[in-house]
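Comments concern the structure below.
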Amino acid sequence: MPELPEVEVTRLSFADRIDGAVVRAVRLGKPLRWPLGIDVIELLRSHVGAPRRRGKYLWLPLSRRSVDAGGLLLHLGMSGSLAFVSRPAAPGPHDHFDLVTSAGTLRLTDPRRFGAVVWSPSIDSGLAGKLLTGLGVEPFDDEFDGDLLWRALRRRRSAVKVALLGGDIVVGAGNIYACEALFAAGIDPRARSHRISRRRCARLAQAVRETLAQAVELGGSTLRDFRDARGCVGEFQLTARVYGRAGQPCPVCGTPVRRVVQGQRSTYFCPSCQRS
DNA sequence: ATGGGTACCTGTCTGC
DNA sequence: TGCAGACAGGTACCCA
């Protein structure tokens, strides 16, 4: 489910409310991708700071008596979502983590359990450091532009869509938004990365930024079950032009949208509008 | 370093 | 109705 827009929309929907709250209890459900990495009792009475986002990860800083106490790194995997509510229902079979605070309970629900909640001594050490090192630039940073993209892509021979999904050039574009951005830029997702001109890289960088920004504005994509921490659904999927639309007419030229598989993931594109 | 494949896990939908 | 198989928003890790 969650690509950068869903993670950012989730963050925005509870950041103000959890900032400054005190941890009262922690409940663990079934194992997630990694163990929590700290004894739960060590987290009690910690103060939660303002949640930050890096790529598709969220970082919840913690402190005790104004002293830095590391933080929690969260990832929603394929099927995760967070809720932040004052009176949570009894945990269901897919509710695997509750952070009970003075301001409400942050609950991770994740049927497939590809998600993660891990404690690290800081955002750039421990497991958090290891996971975040090697991530590409943030798409909304000034640093991310056509030149950066061109310089990175010219060294790759993989298909451009696979390179975008990799997250080591630019973070945040998952399967939906990579497809949509390539459509917006008019680039064939199967095109070899190193053969894309500087000019087209500029268009692609712009398309990635705009696609992700628009998705944040629309509250993300709710294909089946995404909700932000307030329980609101997203609406970007209503505006998707190729993702999930195999066989349907391209909204620009009417040619049927094609589906191919790249790196074991479905890719959707218009064979007429998108060129190598 | 890069590229390709596998693995993690559960739910839903399709076709026989 | 049952059942096998495909597919799903991600990414770490292993191997060539």
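Here is the naming used below: chain letters follow the sequence lines, and residue numbers restart at 1 for every chain. These numbers were taken from a predicted model, which means no experiment stands behind them.
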Once you round it to whole Å, what is the distance between [atom2] of [N] and [atom1] of [X]?
X	N	atom1	atom2	value
A:Leu4	C:dT11	CG	C1'	15 Å
A:Leu32	C:dA12	CG	P	15 Å
A:Leu82	C:dG9	CG	C1'	15 Å
A:Asp110	C:dT11	CG	P	13 Å
A:Arg227	C:dG9	CZ	C1'	15 Å
A:Phe114	C:dA8	CZ	C1'	10 Å
A:Glu180	C:dG9	CD	C1'	13 Å
A:Asp168	C:dA12	CG	C1'	13 Å

**Study point:** Check: A:Gln274 side chain, A:Cys270 main-chain N or O, donor-acceptor pair, under 3.5 Å
**Key:** yes
**Study point:** Main-chain N/O of A:Gly55 paired with A:Arg53 side-chain donor or acceptor, under 3.5 Å
**Key:** yes
N/O-N/O pairs, protein side and nucleotides 13-16 of chain C side, under 3.5 Å:
none

Using only side-chain N and O atoms of [X], determine if any of them is under 4.0 Å from OP1 or OP2 of [N].
X	N	value
A:Arg112	C:dA8	no
A:Tyr268	C:dA8	yes
A:Arg33	C:dG10	no
A:Tyr243	C:dG9	yes
A:His75	C:dT11	yes

Exercise for review: For A:Thr222 and for A:Tyr57, find the nucleotide of DNA chain C with the closest heavy atom, then tell me which residue's nucleotide is more 5'.
Suggested key: A:Thr222
Study note, to complete from the structure: Sorted by position of nearest nucleotide on DNA chain C, 5' first, the leading residue of A:Arg259 and A:Arg265 is A:Arg259
Study note, to complete from the structure: With the side chain defined as heavy atoms from C-beta on, A:Ile176 is closest, among C:dT11, C:dG9, C:dC7, to C:dG9
Check your understanding: Hey, is A:Phe226 doing a stacking thing with C:dG9, by the 5.5 Å centroid and 30° angle criteria?
Key -> no
Practice item. Side-chain contact test, heavy atoms from C-beta onward, threshold under 4.5 Å: evaluate it for A:Ile169 versus A:Leu149 and give yes or no. Key: yes
**Study point:** With sequence neighbours excluded, residues passing ring pair (Phe, Tyr, Trp, His ring centres under 6.0 Å) with A:Tyr57
**Key:** A:His75
Check your understanding: Rest of the hydrophobic cluster containing A:Val261 (Ile/Leu/Val/Met/Phe/Trp/Tyr, side-chain heavy atoms under 4.5 Å)?
Key -> none
Practice item. Check every strand shown and say whether A:Arg157 touches a base, only sugar-phosphate, or nothing at a heavy-atom separation below 4.0 Å. Key: sugar-phosphate
Check your understanding: With a 4.0 Å cut-off, would you call A:Arg230 and A:Asp228 a salt bridge?
Key -> no
Practice item. Please test A:Ser81 against A:Arg227 for side chain to side chain donor-acceptor pair (under 3.5 Å), starting from the C-alpha separation and ending with a verdict. Key: CA-CA 6 Å; A:Ser81 61; A:Arg227 304 290 163 115; over 6 Å; no
Review point. Can you tell me how far CD of A:Gln206 sits from CZ of A:Phe144, rounded to the nearest 0.5 angstrom?
Key: 9.5 Å
Review point. Does the pair A:Leu73 and A:Leu60 meet the rule for a side chain to side chain contact (heavy atoms under 4.5 Å, CB included), with working shown?
Key: CA-CA 6 Å; A:Leu73 188 74; A:Leu60 298 192; over 6 Å; no
Point to revise | Dot-bracket encoding per residue of DNA chain C, Watson-Crick/G-U cut-off under 3.5 Å, | denoting interstrand | key: .|||||||.|||||||
Review point. First contact, last contact: which nucleotides of DNA chain B are these for chain A, 5' to 3', heavy-atom distance under 4.0 Å?
Key: B:dT2 to B:dT12
Review point. For residues 254-276 of chain A, which residue pairs qualify under ring-ring contact (aromatic ring centres under 6.0 Å, His included), counting only residues two or more places apart or in two chains?
Key: A:Tyr243-A:Tyr268
Review point. Do you see a donor-acceptor pair shorter than 3.5 Å between the side chains of A:Ser125 and A:Ser122?
Key: yes
Practice item. Begin from the C-alpha positions of A:Asp98 and A:Thr105 and carry the test side chain to side chain donor-acceptor pair (under 3.5 Å) through to its verdict. Key: CA-CA 6 Å; A:Asp98 282 354; A:Thr105 296; 5.9 Å; no
Check your understanding: If we take the C1' atom in both C:dG9 and B:dG3, what is their distance in whole Å?
Key -> 24 Å
**Study point:** Pairwise 5' ranking along DNA chain B for A:Arg192 and A:His94, keeping only the more 5' one
**Key:** A:Arg192
Review point. On DNA chain B, nearest-nucleotide positions of A:Lys30 versus A:Gly263: which is more 5'?
Key: A:Gly263
**Study point:** Derivation of the side chain to side chain contact (heavy atoms under 4.5 Å, CB included) call for A:Val242 and A:Leu182
**Key:** CA-CA 10 Å; A:Val242 285; A:Leu182 285 162; over 6 Å; no
